[in-house]
A.B. asks: 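So that we are looking at the same thing, I have put the structure below in structure tokens.
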Protein chains: 2
Amino acid sequence: MSLATDAADQPTLYKRIRADIEKRILTGEWPPGHRIPFEHELVARYGCSRMTVNKALSELAQADLIERRRRAGSFVRRPQHQSAVLKIADIRAEITALGRAYGYELIHRKLRTATAADRERLGVKKAGKVVAIACRHSADDVPFAVEDRLIDLSSVPDAATADFSRDPPGSWLLHHVPWTEAEHTISAIVADNRTAEVLDIAVGAPCLVIDRYTWRSARTITAVRLLYPGDSHRLVARFKGG
Amino acid sequence: MSLATDAADQPTLYKRIRADIEKRILTGEWPPGHRIPFEHELVARYGCSRMTVNKALSELAQADLIERRRRAGSFVRRPQHQSAVLKIADIRAEITALGRAYGYELIHRKLRTATAADRERLGVKKAGKVVAIACRHSADDVPFAVEDRLIDLSSVPDAATADFSRDPPGSWLLHHVPWTEAEHTISAIVADNRTAEVLDIAVGAPCLVIDRYTWRSARTITAVRLLYPGDSHRLVARFKGG
DNA sequence: CACGATTATATGTCTAGACATATAAGTCAA
DNA sequence: TTGACTTATATGTCTAGACATATAATCGTG
């Protein structure tokens with residue numbers, strides 16, 4: 001989780017304690033390595049029980065803002081070496097959040113027995129049925145991204161009969177497969193002929209690529225490749241904490 | 001924060017409770033929208049006090065796995081629309097973690113009064129001194145990324161006299177400026193002549209671009225652009241939770 | 001001085017209560 | 001039927017204790 005920045009106006013005591021300490025860390029008043037007051041000192045300062053300050057400090061520790069060491073105390077952590085939280089939003093949500101009209105177009109949808117390439121891509125050994133989908137997302141009728149997806153039907157049988165002509169498969173999957181794990185890989189390529197045509201850009205123009213591989217309880221569900229025009233689209237990642 | 005996946009083997013009770021519930025959610029046994037047992041039911045099941053189950057549930061709520069509603073109960077959340085956590089590691093750490101030899105080379109370093117373009121890039125109004133740095137990171141003597149950085153000296157005066165000929169400015173800043181906030185923007189471009197030469201790739205080859213803008217307490221510190229050869233380098237983001 | 005044993009202490013977890021508060025659900029009147 | 005009021009209840013916060021446990025610091029000893 002991430003801490004709310006403005007927990008200070010919360011009326012509860014532990015949130016105030018947490019916000020007070022967070023502020024001193026973020027302003028640099030308590031630099032990395034600084035030992036923050038012991039629990040019993042904070043108990044005295046705020047006139048509350050130890051469980052209350054413990055809750056505040058535990059949350060700061062969960063947020064990696066401080067490190068707690070038995071017998072030694074609690075210390076401000078060194079920033080985590082430029083790590084960041086990137087929100088890769090659902091494409092439809094992303095476009096509508098920008099206040100633009102979302103458009104969706106199914107390019108093709110094929111049900112087939114998994115080829116060797118399909119099995120490789122999904123990371124499965126046994127040959128089963130898969131659905132291969134290509135589609136295009138657009139914002140205000142301008143091509144926004146092209147999607148190339150493979151769904152493992154042995155994991156998601158319902159996908160065989162799902163209608164992807166109106167709703168994008170990503171949204172459908174979100175509502176039919178709960179709580180997945182995934183790995184994203186981000187890279188850059190230049191547009192080939194087919195990509196250039198679908199995205200309405202020049203051949204050789206840069207494209208941002210997101211490969212997402214999704215599974216649940218060690219079971220593969222779907223593999224998807226998203227291509228964005230690289231000079232117009234941008235992924236934004238905002239973060240707090242070094 | 002994110003929950004440790006293997007909290008089950010922890011000997012403490014609240015971690016066991018948390019892990020039990022987490023497991024049922026992740027396997028799909030308790031799908032999104034499912035109401036998990038009330039606190040008093042879990043108290044009965046585990047034979048402990050309410051504070052103990054409350055701690056377990058609070059952490060699950062902090063991790064966005066469940067949603068807690070007064071009077072109604074606690075409910076499994078719908079996955080957060082394909083958001084992901086991306087770790088953009090410190091380049092030196094990233095390369096050494098790959099077991100490759102880290103190399104660094106300063107291309108140029110200039111101290112100057114901020115130009116209009118510099119002020120625009122740093123998002124500051126007043127003209128002050130800045131340090132402009134270009135450098136190259138390599139792995140096993142192969143160019144890995146080229147860095148183009150601007151540091152605001154009114155925020156980080158020490159940077160004026162820092163020696164960037166041996167250590168990269170990113171590492172230096174990590175140790176001299178605690179607890180920053182930042183925004184990353186990821187995009188794709190094709191290599192121009194100069195970039196191609198520095199990265200030893202072909203002109204027109206795809207490059208991944210990370211623009212990072214860093215500040216502390218509303219004060220600009222540094223703006224940096226990193227260029228990676230797009231077909232060889234990849235950013236990997238792993239996440240749990242839909 | 002080096003190294004092992006002891007001790008002190010800050011955090012980690014837990015209890016059995018308490019009152020506060022938001023709100024779902026039920027009740028009643030227009 | 002609808003809207004306003006009341007009530008029941010699950011969570012939110014907090015207390016004043018307790019014992020467990022890891023470990024920094026101290027003390028002794030060879």
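Keep in mind that this is a model prediction, so the values were computed, not measured. Here is the naming used below: chain letters follow the sequence lines, and residue numbers restart at 1 for every chain.
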A.B. asks: Given I151(A), which of T214(A), V130(A), V156(A) fulfils the side-chain contact (heavy atoms from CB on, under 4.5 Å) condition?
C.D. replies: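 By the side-chain contact (heavy atoms from CB on, under 4.5 Å) criterion, I151(A) pairs with just one of T214(A), V130(A), V156(A): V156(A).
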A.B. asks: Under 4.0 Å: is that the gap between some side-chain N or O of K15(B) and OP1 or OP2 of dT13(C)?
C.D. replies: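 For K15(B), the contact criterion (side-chain N or O under 4.0 Å from OP1 or OP2 of dT13(C)) is met.
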A.B. asks: What's the CG-C1' distance between L13(B) and dG12(C), to the nearest Å?
C.D. replies: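 In whole Å, dG12(C) C1' lies 13 Å from L13(B) CG.
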A.B. asks: Distance check: side-chain N/O of K55(B) vs OP1/OP2 of dC14(C), anything under 4.0 Å?
C.D. replies: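 False: K55(B) side-chain N/O out of range (4.0 Å or more) of dC14(C) OP1/OP2.
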A.B. asks: Rounded to whole Å, how long is the line connecting atom NE2 of H40(B) with atom C1' of dG12(D)?
C.D. replies: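 Those two atoms, NE2 and C1', are 17 Å apart.
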A.B. asks: Would you mind reading off the distance between I66(B) atom CD1 and dG12(D) atom C1', rounded to a whole angstrom?
C.D. replies: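 The distance from CD1 of I66(B) to C1' of dG12(D) comes to 13 Å, rounded to the nearest Å.
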A.B. asks: Quick one: is dA10(D) close enough that its OP1 or OP2 comes under 4.0 Å of any side-chain N or O from S74(B)?
C.D. replies: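 Answer is no, no contact under 4.0 Å.
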A.B. asks: Classify every nucleotide of nucleotides 17-22 of chain C by which part a protein heavy atom approaches to under 4.0 Å, writing B for the base, S for the sugar-phosphate alone and - for neither, in 5'-to-3' order.
C.D. replies: -B--BS
A.B. asks: For the pair D148(B) and R225(B), find out whether any cationic side-chain nitrogen is under 4.0 Å from an anionic carboxylate oxygen.
C.D. replies: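 No, no charged N to carboxylate O under 4.0 Å.
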A.B. asks: Could you tell me how far apart R35(B) (CZ) and dT11(D) (P) are, to the nearest whole angstrom?
C.D. replies: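 Those two atoms, CZ and P, are 8 Å apart.
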A.B. asks: Is it true that the side chains of S58(B) and N54(B) contain a donor and an acceptor less than 3.5 Å apart?
C.D. replies: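 Judged by distance alone, the side chains do pair up.
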A.B. asks: Can you check the E67(A) CD to dG12(C) P distance for me, whole Å?
C.D. replies: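 Between P of dG12(C) and CD of E67(A): 11 Å.
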A.B. asks: Expressed as a whole number of angstroms, how long is the span from R16(B):CZ to dT13(C):P?
C.D. replies: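 Distance check: R16(B) CZ to dT13(C) P gives 14 Å.
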A.B. asks: With the side chain of S49(A) defined as its heavy atoms from C-beta on, choose the nearest nucleotide among dT15(D), dT11(C), dT15(C).
C.D. replies: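 Closest nucleotide to the S49(A) side chain: dT15(D).
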A.B. asks: Is T12(A) close enough to dG12(D) that one of its side-chain N or O atoms is under 4.0 Å from OP1 or OP2 there?
C.D. replies: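 So the side chain of T12(A) is outside the cut-off, no N or O lying under 4.0 Å from OP1 or OP2 of dG12(D).
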A.B. asks: Tell me: CD1 of I36(A) to C1' of dA10(C), nearest whole Å?
C.D. replies: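 After rounding, the reported distance stands at 12 Å.
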A.B. asks: When you match G47(A) and R68(B) each to their closest nucleotide on DNA chain D, which lands nearer the 5' end?
C.D. replies: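 It is R68(B), whose closest nucleotide lies nearer the 5' terminus.
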A.B. asks: What is the distance from CD of E41(A) to C1' of dT11(C), rounded to the nearest Å?
C.D. replies: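 Taking atom C1' of dT11(C) as the reference, CD of E41(A) is at 14 Å.
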